[in-house]
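A quick write-up on the structure given underneath.
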Amino acid sequence: MTAAASETYAEIAPFTAISKNLHYRVPGELLHDVQPGVRVLVPLGRRETVGLVLALQGTPPPLEGSIRFKSVKAVLDPRPVVPGDVLHLCRWISRYYFYPLGEIIRSTLPPGFQLQPEVRYRLTGAGKAVLERERRGRKRLEPWFDPGFPETGEPMEACPRDDIETRAFKRLEREGWVERVYVWPSSDLRQKTLKTVRLVETPPDDRLRRSAHLRRLVRLLEDAGGALALRDLRRSLKTADYWARRLQREGFVCMEAAREIRESPYAQTLPACEPPALTTDQQAVVGAIGPFIENGRFQPFLLYGVTGSGKTEIYLHLVQRTLEVGKTALVLVPEIALSTQLEALFRRRFGSRLAVWHSGLSPGARDDQWRKIVDGESSVTLGVRSAVFSPLPRLGLIVVDEEHDGSYKQEDRLRYHARDVALVRARFLGIPVLLGSATPSLQSIRLVHRGRCRFLSLLQRIEDRPLPRIEIIDMRRERGPFRVLSRPLQAAVEKTLADGNQVLLFLNRRGFATFYLCRVCGTVHQCPHCSVSLTYHQQDDTLRCHYCGYEADVPEACPRCGEHALIPFGFGTERVAEEVGKLFPGARIARIDRDSASHPKRLVELLNDVRHRRADVLIGTQMVAKGHDFENITLVGVISADTALQIADFRAGEITVQLLLQVAGRAGRGDQPGEVLVQTFNPDHYTIQAVRNMDYLRFCEEELKARESLQYPPFTRFVRFLLSGADETLTREAMDRFHAVCRAAADELKEENVPVALLGPAPAPIYRLKNRYRRHLYGKAWTNRHLQAFVERVLAESRRLSILRRVALVVDRDPHSGL
DNA sequence: AGCACGCCGACT
DNA sequence: GTCGGCGTGCTC
């Protein structure tokens, strides 16, 4: 050992928008606690921030200029909160999606672990003197510091509530009257304890005789087998707290406090039952994947299973198998609507070994579920998009259900695609990943073509139930005034109801009318903050913007010409509900869309109404189109197949067919065959024909050919740059400059045999959103590597564009929405 | 992202 | 003269 003390440095990703990792000295006393994957508190400039330790090193990187290394201030976790493989994944995501690593890591953590220190201002000795003596100074301090406040010895602190107060404090700080301190936020929702009362000894009769409440309490405990949660006791006995404490003093009961794990509040319970035997087809699928789970080898599988073919049972079997070999499993599902049913199935099979992860969980429940996973108390995670970061140790299998679903793509901040991230995570870990769908994405089908993914299929519905019969209704042939329900659809509904079956009517548009028009001057009512028309909602008689949430009363007269000639145009689910109510006065209607099911709890109630046949006609948007299993729905009516086609995107065809086939799949899932009627003004459109033929794979082959000839994804790769700013001219100018940078980068790369094409720039389809003007530009490359090189160059060059600081730039790799 | 610095116009 | 606006650069 030499005399020179060896130092340890930690590489840290701060939880802020900094794109660089920073290095800090680790003081001796923290040496044992600082390890990769734990959160630490570090000084950053004049601030303090939380960051994650990425690595430890003996030699620090050379620093430029006079920058000195600062030291880690505190360690926040006793054990790593981000497992090594997730950390590795985050690093990859940061590079691939061009997003700061620290922010990615932070967003993988549950709410209780995302906290940052709070800034407070503490009165200094000088400040106190001023407060006591000077009239002028007192005026400036008094809004926050009371001179008459009793001396408790505690330093007086205050925190600014807005920008103006922050400025005021900064001035006080310059005077030396207050100083800045950082405190840890006190909101402690991180743990919940469950108090349990346990009966030690039944009190003697003469003791019991004296109080009815006491007798009741003892009785409740005995009935519950000797112990009961205080919370439950309270529900049956208002004085439970008093008696429990009193009996505790007398030694008849004891109180136990245990950490409670908050669970998903909407889980349905199903009666226990034996797992059903697999069909031959299902066995073949399980047999193909099983060995990869056991041997731990990377392999993507695409499971093409028509709706109702029993994919879920395969997932359950494979997960079971994964657990049997001592590994854990991750199952991704699209957004909540369908997950409650799936959750119940998983809960029945895996009980407390299941952790769930979806938007219906409270922040506290999120913390608990997450902890359960890290601590290894649960071994299966069932969750939505962000569960792809689930910190499961010994992960052995990833399932992505309905892999084509658009909700796997996050459309704000970090714009990642959970299916793609799942594939990368599986590759890093060397484990199989199963993508399941009745309507796989073209991207996944291409993976199969290229030999990167194994194709498995289930072509029969379970119990040989027939696929529904599909009929296309040409709305151009409907005579007379416009009707929401065509004659054939109306007749079919009538017959279905008469037979005592249920109907699903699908329309991918909520509200009553899509816009309000003045018949005199032609004005369409627009959102004052966005360049979209307002939707009329009859439910509460308002006009609403579906993009920013703006709400207004319906005006009496046209705001432009003053005429009383406003009429609603277009129709949404509310209007369909009204029409059905008029046509079938006796029918019980359940409307399910984001308005009627504003809360997850309400959604579950509505779904249960349908499931338990308390409703005859279900009218809904996307929410009901996917995944649900309603046994008694025999008729599905698509009110307008044309809405999805209007998407201005090369994927419109793919999305339309997927959506329509998914909806069609809701019909005939019980023992009666199903029928599907599709209303459209474009009956000859190739997507509608594909739906009529119910031949999804053939549609894909044709669509892939078209994509190839047009050089669209999945044959090429896109990146979308979206610029937005409050000032229209400034935003346009920023885009001009940015475009120039892109052009230069593309020209340079062309010289290096890296071809990149630019599309645009153009105003974004929603030109104004939440008061910001938006323009976008697409870059196209033929390989991922080329796209990476292009975007890296563009971003490096555009850092020098000062105008970009005054607008917001979003980089959306593999964009799915062009809005 | 914050936060500081530094440079300008407009007020007590 | 300062206050506050915004432009610019940096954070180990």
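Chain letters run A, B, ... following the sequence lines, proteins first, then strands; residues in each count from 1.
- Neither OP1 nor OP2 of dG7(C) sits under 4.0 Å from any side-chain N or O of Ser802(A).
- Regarding Ile12(A), its CD1 atom lies at a distance of 9 Å from the C1' atom of dC12(C), rounded to whole Å.
- Between the CG atom of Leu804(A) and the C1' atom of dG9(C) there is a distance of 15 Å, rounded to whole Å.
- No engagement by Pro60(A) is indicated, since no non-hydrogen atom pair under 4.0 Å with the nucleic acid exists.
- Between Arg806(A) and the phosphate of dG7(C), there is a side-chain N or O to OP1/OP2 separation shorter than 4.0 Å.
- Residues Arg174(A) and Lys20(A) each lie close to DNA chain C; by heavy-atom proximity, the contact nearer the 5' end of the strand is made by Arg174(A).
- Residue Glu103(A) contributes atom CD, which lies 7 Å from atom P of dA1(B) at whole-angstrom precision.
- In Lys73(A), the NZ atom is not crowded: 12 or fewer heavy atoms of neighbouring residues, nucleotides or ligands sit closer than 6.0 Å.
- In this structure, Trp144(A) has its ring center under 6.0 Å from that of Phe169(A).
- Of the side-chain N and O atoms in Arg180(A), none sit less than 4.0 angstrom from OP1 or OP2 of dG2(B).
- Rounded to whole Å, the distance from CG on Leu809(A) to P on dA1(B) is 11 Å.
- Note on Arg47(A): a base of the nucleic acid sits closer than 4.0 angstrom, heavy atoms only.
- Judged by atom type and distance alone, Arg799(A) does not reach the base of dG9(C) through any side-chain donor-acceptor pair under 3.5 Å.
- Distance Glu165(A) CD to dG4(C) C1': 17 Å, rounded to the nearest Å.
- Using a 4.0 Å heavy-atom distance criterion, Thr16(A) is classed as making no nucleic acid contact.
- For the OP1/OP2 pair of dG4(C) and a distance below 4.0 Å, the side-chain nitrogens and oxygens of Lys170(A) include no atom meeting the criterion.
- Figure legend: Arg413(A) and Tyr99(A) shown without cation-pi pairing, the cationic atom not lying both under 6.0 angstrom from the six-membered ring centre and within 45 degrees of its axis.
- If you check every strand for non-hydrogen atoms under 4.0 Å, Arg167(A) touches sugar and phosphate atoms only.
- With rounding to whole Å, Arg171(A) atom CZ is found 4 Å from dG4(C) atom P.
- Using a 3.5 Å distance cut-off with no hydrogens or angles, the side chains of Tyr767(A) and Glu728(A) do pair a donor with an acceptor.
- The CD atom of Glu173(A) sits 11 Å away from the P atom of dC5(B) (whole-angstrom rounding).
- Counting non-hydrogen atoms of other residues, nucleotides and ligands closer than 6.0 Å to OH of Tyr547(A) gives a total of 12 or fewer.
- Leu172(A) has its CG atom 12 Å from the P atom of dC3(C), to the nearest Å.
- Taking only side-chain atoms of Leu63(A), from C-beta outward, the nucleotide of dC12(C), dG9(C), dG4(C) with the closest atom is dC12(C).
- A sub-4.0 Å separation between OP1 or OP2 of dA4(B) and a side-chain N or O of Arg46(A) is present.
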